[in-house]
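These values consider heavy atoms only, across backbone and side chains, with no hydrogens, waters or symmetry-generated copies.
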Amino acid sequence: MSRYLKLVDFEIKRFLKIYLVLVGVTIVSQLLGVIFTSKNYLNLANEMMYKEMLSKETFLQQYGSFSFLQVTQTTWFVGPIALCIVTLLIYVFFIWYRDWFGKNTFIYRLLMLPTARLNVYLAKATTIFLFVLGLVSIQLILLPIENNILQLIIPTDLRTDLATAEIINSFYYLAILFPYSFTEFLIYYGLGFMAVFVVFTSILFERSFRLKGVVLGVLYGGFSLLILFSPVLIDGLILVNFFYPLEIFLLSCLMAVIVTAMSIWLSNYLLKNKIRV
Amino acid sequence: MNVNFNNRDPVYIQVIRHFKEQIATGSLEPGEEISSRRELANKLKINPNTAQRAYKEMEEQRLIYTERNLPSRITKDEQVLKAVREELILQAVDSFITSVRSINVPLEEVLDLVKENYEKHCDE
Amino acid sequence: MIEVKGVTKKFGRKQVLKGISFTAEKGEITCLIGINGVGKTTIMNAIMALTPINNGQILINGEEIHKGSYEKITFIPDAITMLPQMKISDAMQFMDDFYDCWNQKRADEMLGFFKLDKNERISSLSKGNTAKVNLLLGLAMDVDYVLMDEPFSGIDIFSREQIAEVFTSHLIEDRGVIITTHEINDIEHLIDKAILLNEGVVLKEFNTEEIRENEGKSVIDVMREVYQS
């Protein structure tokens, strides 16, 4: 097994406990959310129909039928997703800083491994990617299960059934997490991963030059954004409406690739020549 | 084996002296196998290179000898053994003289005291 | 041979190393001596490429450090570099996974010598035992050079004795060792070469046996002369 893969394995194991807690919280919270929200609706329906003597039709008219969309708007459902996103965003920083500021400075060991230091960087990036993709796939598996639970609780005539794809598309945030087409997937996740590389590189600037590095890191982040949006900016400000939308899109993709490559190259340089324990 | 080394004499010379003392007193017998330089360094808590140096020096002084790849042994050469004994005695006498001189004691007085005390020490 | 040639290093405005030059041979124990804060650790970090230098050059067996060098030279910092939640056995496994030069037999031997339990977690080890594990992880590698930063500082006398014993054993044999210390007493008879540092410069570099033989001085005598003049 190459040292890169061993590093990935190692980095994953280092965060696995917290990650599994995140997964657990997501599953439990969303399942409970489905059950509670469905039961509440059912209780409401029962109360209205038996105590208030509303007919089923009037009830449906007044309160609407129940669908999975009602579940997705609860904290039970969105909360854990937000928690996962925030945790992973923090971990993008923590995955580096823990090696310097942990109880034992593990960075000594990592930098003294008989392998290109870039592998440490790539392994950390890979770990973040795998964690993100892992959470996304778990959510994807959870949705149909939750949908089935809902259907078990709510009788057919009180609910509107949605397919998993419909659930995703009807909810803005989910639509970003689960793009409809493969191209969109590539764009969203490509941009996300590019951002991770840029942030990693900024962190390495800070770790190499400390206070001065903070400025360099921020400048680097800004510079990356500038490059990424350069086709849009050029089209909007300099050569107004010179490009076709498709051309702008392709140029932007190219820029994203350039920013990613630049980040990796710079990080390699910093790790080799400038990094400090 | 616990040797107190002083900090100002070369350690290898102190090691050689230690060996000579052991040879003179008979705790190392002629032809007896001695520890490797590694073992010696470990026992005396000294640098292995110093142990090596001491062995090399002792070999040159013919205090020890090595046959092919076998462990080194204490010499059986009577002349060398005798010389070691004499050297140690002389050294002891020298240092005795130096300290006695420094307090200006006449020789006769000292010699009487030496005899008296030496026997006392032996009785104990 | 490790050659440090004219190395300078600034941290911000502070010039920590002002042109340091010395060599350390394989098969010898070289000791960097200095009152605290004279850049000893920085020199170690610089040799291992853990901090960039401003000027000068550092060569290991004639070449600049590269990834393969870490199979030939290792550094034992003054604190352990393994994660606190790891067991000793995990730490050893980590070394085995990543280093071709890891020698498990020697590691087991040292575990026995130090009387360590490999199922103990690093976070629960005493200070002395942590230092021993730290030392073990470095010395169980079949490398040519071992750098140690203050291996004796802040631990109890018995651990110190045990660690000193390592220096005279086959664990060190034929390797080049560079150690830093601000306290020479424990190891005066163990080292081959002393390098006295002060405020980022080498004040004196000498062979300890030679200085005893030729000038009748102990290392501390020389230190007194150099630092108090």
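Although no hydrogens or angles enter the test, the distance criterion places no donor-acceptor pair under 3.5 Å between the side chain of C:E165 and the main chain of B:K45. A donor-acceptor distance shorter than 3.5 angstrom exists from the side chain of C:R106 to the backbone of C:L139, with no hydrogens or angles considered.
Considering only heavy-atom pairs separated by less than 4.5 Å from chain C, the leading option among B:T50, B:V11, B:I13 is B:V11. Ranked by heavy-atom pairs under 4.5 Å with chain B, the list C:K217, C:E215, C:E188, C:E210 is led by C:E188.
Within the 4.5 angstrom heavy-atom criterion, only side-chain atoms of C:D221, from C-beta onward, approach chain B. Contacts between B:D9 and chain C at a heavy-atom distance below 4.5 Å involve the backbone alone (N, CA, C, O). For a residue to count as touching a neighbouring chain, one of its non-hydrogen atoms must lie under 4.5 Å from one of that chain's; by this rule C:I211 does not touch chain B.
A salt bridge does not link B:E59 with B:K56: none of the charged nitrogens is closer than 4.0 Å to a carboxylate oxygen.
Because its NZ or CZ atom is not both nearer than 6.0 Å to the ring centre of B:Y55 and within 45° of the ring axis, B:R37 does not count as a cation-pi partner of that residue.
In summary, the aromatic rings of C:F152 and C:F167 are positioned with their centroids under 6.0 Å apart.
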